[in-house]
Amino acid sequence: SEMWQAGCIPVAHKSRSDSVISRAGLARLVDHTLLKPEATGRDVAAVVTEALELGVYSACVSPSMVSVAARASGGSLPIASVAGFPQASI
């Protein structure tokens, strides 16, 4: 459709005027995530660089890689992490 070609993504809202969000707007709502246990510091730095380029809200990494991601972002990007993933039990 024309919306996709214009870089807009349809979303469900009550108001017709709120029914489209741009790709940049959507990017600001999501995390760029790397949770592979075998991820290296270089992998994490690459994900942070990609996150900055994509304009996402944050980079989400394993707890052991938070300091690596924080250094790579230089304070320009929020860094998120997880607890009990993927071994969490309910």
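All residue numbers refer to positions in the sequence shown, counting from 1.
Between the OG1 atom of Thr49 and the NE2 atom of His32 there is a distance of 9.5 Å, given to the nearest 0.5 Å. The structure places CG of Leu52 at 5.0 Å from CG of Leu77, a figure rounded to the nearest 0.5 Å.
When all heavy atoms of Thr40 and Met65 are compared, the closest pair comes out as C-CE, 3.8 Å. The two residues Ala72 and Ala45 come nearest to each other via the heavy atoms CB-CA, 4.0 Å. Of all heavy-atom pairs between Val82 and Pro63, the closest is O-CG, 3.2 Å. The two residues Ser62 and Lys36 come nearest to each other via the heavy atoms OG-O, 4.4 Å.
Put simply, Val56 and Leu26 are part of two different groups of oily side chains (I, L, V, M, F, W, Y) that touch within less than 4.5 Å, one to the next. Val47 is connected to Val66 through a chain of hydrophobic side-chain contacts under 4.5 Å among Ile, Leu, Val, Met, Phe, Trp and Tyr, so both are in one cluster.
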- Message: Run Val61 and Val68 through side chain to side chain contact (heavy atoms under 4.5 Å, CB included) and show every step you take.
- Response: CA-CA 9 Å; Val61 297; Val68 174; over 6 Å; no
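Annotation: side chain to side chain donor-acceptor pair (under 3.5 Å) contacts of Ser58 (sequence neighbours excluded): Asp31.
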